Structures are given as C-alpha cells and as structure tokens.
Amino acid sequence: MSSPVIISIRGLTRSFGDVHAVTGIDLDIYEGEFITLLGPSGSGKTTVLRMIAGFEKPDAGSISLSGKDVSQLPPYERDVNTVFQDYALFPHMNVLSNIEYGLRVKGVAKAERLERATEALHQVRLEGYGERKPSQLSGGQRQRVALARALVNRPSVLLLDEPLGALDLKLREQMQIELKALQRAVGITFIFVTHDQEEALTMSDRIAVFNQGKIEQLGTPREIYNSPRSSFVSEFVGQTNKIQIADEKINIRPEYITISNTHIEDSRVAKGVLKDIIFVGATTRYLVETDFGLIIANNPKETLVLGSSVHLSWDKNKEFLVR
Amino acid sequence: MRLTALLTAPVLWLVVAYLGALAMLLVTAFFTIDSFTGNVIQQFNFGNFQDMLTDAAYKNVVLRTLGIAISVTFFCTVLAIPMAFYMAKIARPKTQKILVALVLTPLWASYLVKIYAWRTMLEPGNGVLDWLLKPIGIHSPGFGGPAIIIGLSYLWLPYMILPIYAGLERLPNNLLDASGDLGAHNFYTFRKVILPLIFPSLVAGSMFTFSLSLGDYITAQIIGGKLQMLGNVVYQNFSINLPFAATIATIPVTIMALYLYLVRRTGALASM
C-alpha cells in the first residue's frame, strides 16, 4: 500500500473484568482505505473500534491518529466520527438538526452549516427529508442520516459499527454497494466492523479477521479467502472441508470440488455416497459421505441422484495449509 | 358485566371519596358561619373570597408558599439530576440497586420523625449543624423560611430522583457517545441531549415536589418558626371558620390545576 499510515495501533489491550476483550493488537491503517474488522461477537473488533473513537480507554498500548497519540483523549478531541449500530440519532431533533449537530458544536456559521448539511443529505440521497423526525423514517433512511451526520464533519477517519446489521437482506446489499461508492467518492478512511463475512469480502480493501481479542489474519479479501492462514479464518470466511487423507491434513473450499456420476481425472479424487442436496439459492451444496468423512462439494458436473455413488475430484493446488 | 363488577369499587372510590371530597370543599368555600354560635350557615355567597382577596396578609402567604414550593422544586431538581445520573449511567448494576434502595429508605420512616430530626439538626445554638459547622464559622439558618426549604427538599427529594432516574435509564447510552463523538463536551451534551430528553421526567418529579410543598403545613409548624404557609392558615381556620379554611384551600388546588395545564401545553405529559 502506497498511501501514508493514518492510524497506527500498537500493543492495544483492554479487559473487562476477567474478560480479555483485546489482547495486544498491532495494526496500521492507511489513508483512504476501506478496512473491515471482521469476527464473531466477542472477538474484540467492536472494542477496538470504540477505543479508536474514544468511548473506551485502553489498558495498555497506543493509538496514533495522523502521528499523534490519541489513546487517552476524550471522543470530542479526536478527528474521527462514528456511525452507530442502532444509528443513535437524537430523537428530539429533526434530520437537519441531527446532521448539523457536529457543526453547531464546532461553531460553524449558520449559512455554512445549512449548506454542508444539505450537501450531506444529497450525498445520502435524502433531499427533502430535513424536517422529519428520526421516528418518521425507515431503518434504511435512519442509516443514511447517521452516515450524513458523521460525514458532514469531514473526519479524517469514519468508524462504522455494524451499521447494516439492523437492515433486511436486500436493503443491506444495496447499502453495501452505496457505502463503498460513497467511500470512493469522499476518499475518507473507513473502518468498518462486521460479523458478516460476505459483507467484509464485498466492500473491503483489506480485512482484519478477529478471534478472541487477536487479529488472526490481515489481508485483502482475496488473500483472506484464498489462503486463510488459520483454520479459524478458513471456517469463518467461507466454507471449508477439512479432510484427513493418510497423514495429510487438507483444506479445500467446496466450490473447487467437482462432483460427478463418473470418474474425472484430477490431482485429487475420492469416491462416496451422495447423502444430501441442500439448495441455497445461488449454489447447491452436495453432502457426500466418503472414506475420509463428510465432504461438501458445490460444483456438480451433471444431475445427481440422492443416495447414488458419486465421484469427487479437485485440483491439489487449490488446497491450502493452515496452522 | 364482569368488567362493571370489577370497576364498581374503584369508580365509587373515585367519585365519592375523591371527587366528592373536592366538591364538598368547593361548595363549603362559598358558605359562611354564624359569628355568634360558630355554626356553618349553608348560604351561597362570595364573602370568603372577597375577604381572602382583599386582605394583603393572605396574598403574602400565597406568594411565600409559592416561593417555597418553587425553591424546593428547584433544589430537588439540582440535587436529583447528578444523583440520578450517577445511579443510571455511572454506577455498576449492583451499586445501582443499592443506591435505589438507599434513595427509597427515607420514605419508610415517618414524616414526623424526619422533620423532628431536622429540628434537632437546625436548632440554633446547640443543634447538630451549629455544633458541626461553628468551628468553620457557619451558623445554622435557624427556624424559618430556609429551614422549611431544607426540610421539604429533603423530604421530597426521592420523588424527584426516581422519575429522573427512570428517564435516564431509558436514555440510550449511545446518544451520549454520539454527542461526544460529534465533538460535544459533557456540559454541551447535558444541555442539548440529556436535558431535553429527560424533561418529561423533570416535570413528573416537579409535580410531586411542587404540589407536596404547596400543601404542606407540618414542616412549617415544626421548623418554620413563626413563618406560615398556606396549609397553616387552612389548619388554623379549620376549627374556627371551616368555610374560610375551605376558601383558602382552593388556592393550592387552583395553582396546581394551572400548573398541570401549563405542563400539558409543553407536551411533557404525552411522553410520560
């Protein structure tokens, strides 16, 4: 990455009582990138985000923003803004006042406030909604207001805490695309927290996979997906078959396994009985009972009959090693 | 049918005991007494109201009582907000429960006991306050207006803390986070986010502190020195001139009705 580092995290640690939420994390975040902190709930990703925002103080370690250690500063002295999971819009203010809030705090003159707020409303495609109260908006619209309220301050970094979690699938997919486009347009660094691996793969320049307070792997979506470094990452991001063949432990994604009624020559082959066919929309999963255990394959050669014996084959180069 | 049976008792209670008593009060206020025998003459006239409105002494009592009720409400609010905030937003869940219990405990003790305790505290010369604070040159305010305000503020404080506490409990923490995140200092957040959102709770609490202070007479009797509140005037007239006592008693009722009307106009009742 050629861009300069905007946030530099070193040895970041935070415990809540006996729970070690974050244990010694190092992470550099580059200017203008879209980085996702991905992990299951309780993996420490949100705690890291909250420490960057200033809502939590680290027990140890440092967070530098544009070269300055901010880890002990209160939220209002940091040049970052947050989009909250449940939006956290002020219910007693209308949309425009919500968006203007940050500018009002900083004492920006009324005319400029209005101009920037209107521009922000335009950016999130909510022109004409300024007079409404948050309670009169749908979930997706509130989401956009929360986004506008943060972006209008032109922060150097925008923090997004599972902002799409409360939306239904279709809206979520639409917002994923919009969010990514918006990030490209404004050029602000986005730090996005989610537990949804698909969301992470879709939007991010880089992904940091969190597990038990540590970063398991940091890389581009392709790196994370194609060469996961640990079995946790391989299972959390996408699906993985873990197969023991003789002394060899193999990991292979279901979509690389061809399933057929007849033998197909490849660097790996296996035989088994088709136990189940699970239709999941875009793909269909075939569950095959083999001598090496249950294998899931997503790549059928032809129509297959439940209970029949089938042949599996895959390219050895698609396998990956994990810790 | 069953609903009717179920509601009969409460409705009877409301109509007879509650509205009935209030109606009797209003009607009696327009009666007069035979100055020789002291018997109530059930004859409708405005004489009592004329006396009350023309005598400057009553105007003073009304203004003084209002002043005390407003002061008590003010002090209760000022004390209750930080306490409720600590309980709802800062204390750990376990401490929180203990604090709620502590706020409630004074309500278990008798009103009289508490006011006599304050009498001992405020006693000029050898009271607890003088004994404690004399070394640093502060004296007890003695018995009178300030003593009444202290006593009533102490008595009604829990009624202010609890609604504010409940209001703050309902206030999502992330709104406070969001305000700080957008650059607001804590005081700014308090003014622009917390205060408007707990306003209905403040109104709820003030209805208790204000109305309870408005009608009180025992505190004034015990620690008020020579000072009289509306309740004392009612109490004194009660045995000698019942209709006039009723006339005086319409004042706090009217003030309270006016207060509720104003509160209604702010819209705070709707969100309560």
Side-chain angles (χ1 to χ4, degrees), chain A residues 16-17 46 49-56 73-94 97-108 113 117 120 133-135 142 145-155 157-163, chain B residues 77 81-82 84-86 88-98 163-164 166-206 263-272:
Chain A
F16 299 101
T46 297
L49 195 81
R50 290 179 62 80
M51 285 193 282
I52 298 174
F55 306 137
E56 306 280 351
L73 293 182
Y76 50 81
E77 284 176 21
R78 302 183 187 204
D79 187 20
V80 300
N81 283 117
T82 307
V83 176
F84 291 84
Q85 187 168 14
D86 36 14
Y87 321 133
L89 299 178
F90 304 122
H92 56 300
M93 298 178 194
N94 65 22
S97 302
N98 261 286
I99 295 175
E100 281 184 331
Y101 190 86
L103 301 176
R104 200 182 287 260
V105 170
K106 289 185 196 81
V108 174
R113 258 189 353 234
K133 283 283 179 73
S135 57
R142 284 178 211 187
V145 176
L147 204 57
R149 185 178 67 172
L151 280 174
V152 77
N153 303 292
R154 298 173 188 154
V157 177
L158 187 72
L159 310 173
L160 303 105
D161 183 13
E162 308 220 13
Chain B
T77 311
I81 290 176
F85 188 82
Y86 183 83
K89 295 296 177 203
I90 300 171
R92 288 154 184 270
K94 212 172 154 188
T95 326
Q96 200 170 339
K97 281 185 195 125
I98 296 170
I164 297 180
L168 284 168
E169 275 272 82
R170 279 197 302 267
L171 181 83
N173 286 336
N174 64 11
L175 291 186
L176 310 184
D177 282 349
S179 180
D181 186 71
L182 293 164
H185 291 237
N186 295 341
F187 186 65
Y188 192 95
T189 302
F190 176 74
R191 274 194 313 134
K192 295 291 182 181
V193 179
I194 299 177
L195 212 50
L197 288 174
I198 62 166
F199 184 69
S201 308
L202 295 182
V203 169
S206 76
V263 162
R264 224 183 90 105
R265 288 200 43 181
T266 65
L269 285 177
S271 51
M272 214 137 76

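Given the structure is predicted, the values throughout are model-derived calculations rather than measurements. Per chain, numbering begins at 1; letters A, B, ... match sequence-line order.
- Between B:L197 and A:P91, some side-chain heavy-atom pair lies under the 4.5 Å cut-off.
- Both the backbone and the side chain of B:L175 come within contact range of chain A, each with at least one heavy atom under 4.5 Å from a heavy atom of that chain.
- Nearest heavy atom pair, residue B:K192 against residue A:M93, reads O-CE, 3.7 Å.
- Applying the 6.0 Å contact sphere to NZ of A:K106 captures more than 12 heavy atoms from other residues, nucleotides or ligands.
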* Asked: Going through the checks in order, is the side-chain contact (heavy atoms from CB on, under 4.5 Å) test met by A:N81 and B:L182?
  -> CA-CA 6 Å; A:N81 283 117; B:L182 293 164; 3.7 Å; yes

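- Proximity to chain B (any heavy atom under 4.5 Å) is shown, for A:R149, by both the backbone and the side chain.
- Checking side-chain atoms of B:H185 against main-chain N and O of A:V105 turns up no donor-acceptor pair under 3.5 Å.
- Heavy-atom distances place no part of A:L159 under 4.5 Å from chain B, backbone and side chain included.
- Heavy atoms of A:N153 lying under 4.5 Å from chain B belong exclusively to its side chain.
- Considering A:Y76, A:F55, A:Y101 as possible partners of B:D181, the one that fulfils the side-chain contact (heavy atoms from CB on, under 4.5 Å) test is A:F55.
- Top candidate by heavy-atom pairs under 4.5 Å with chain B, chosen from A:A88, A:P75, A:P74, A:G102, is A:A88.
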* **Steps toward side-chain contact (heavy atoms from CB on, under 4.5 Å) verdict (A:Q85, B:N174)** => CA-CA 9 Å; A:Q85 187 168 14; B:N174 64 11; over 6 Å; no

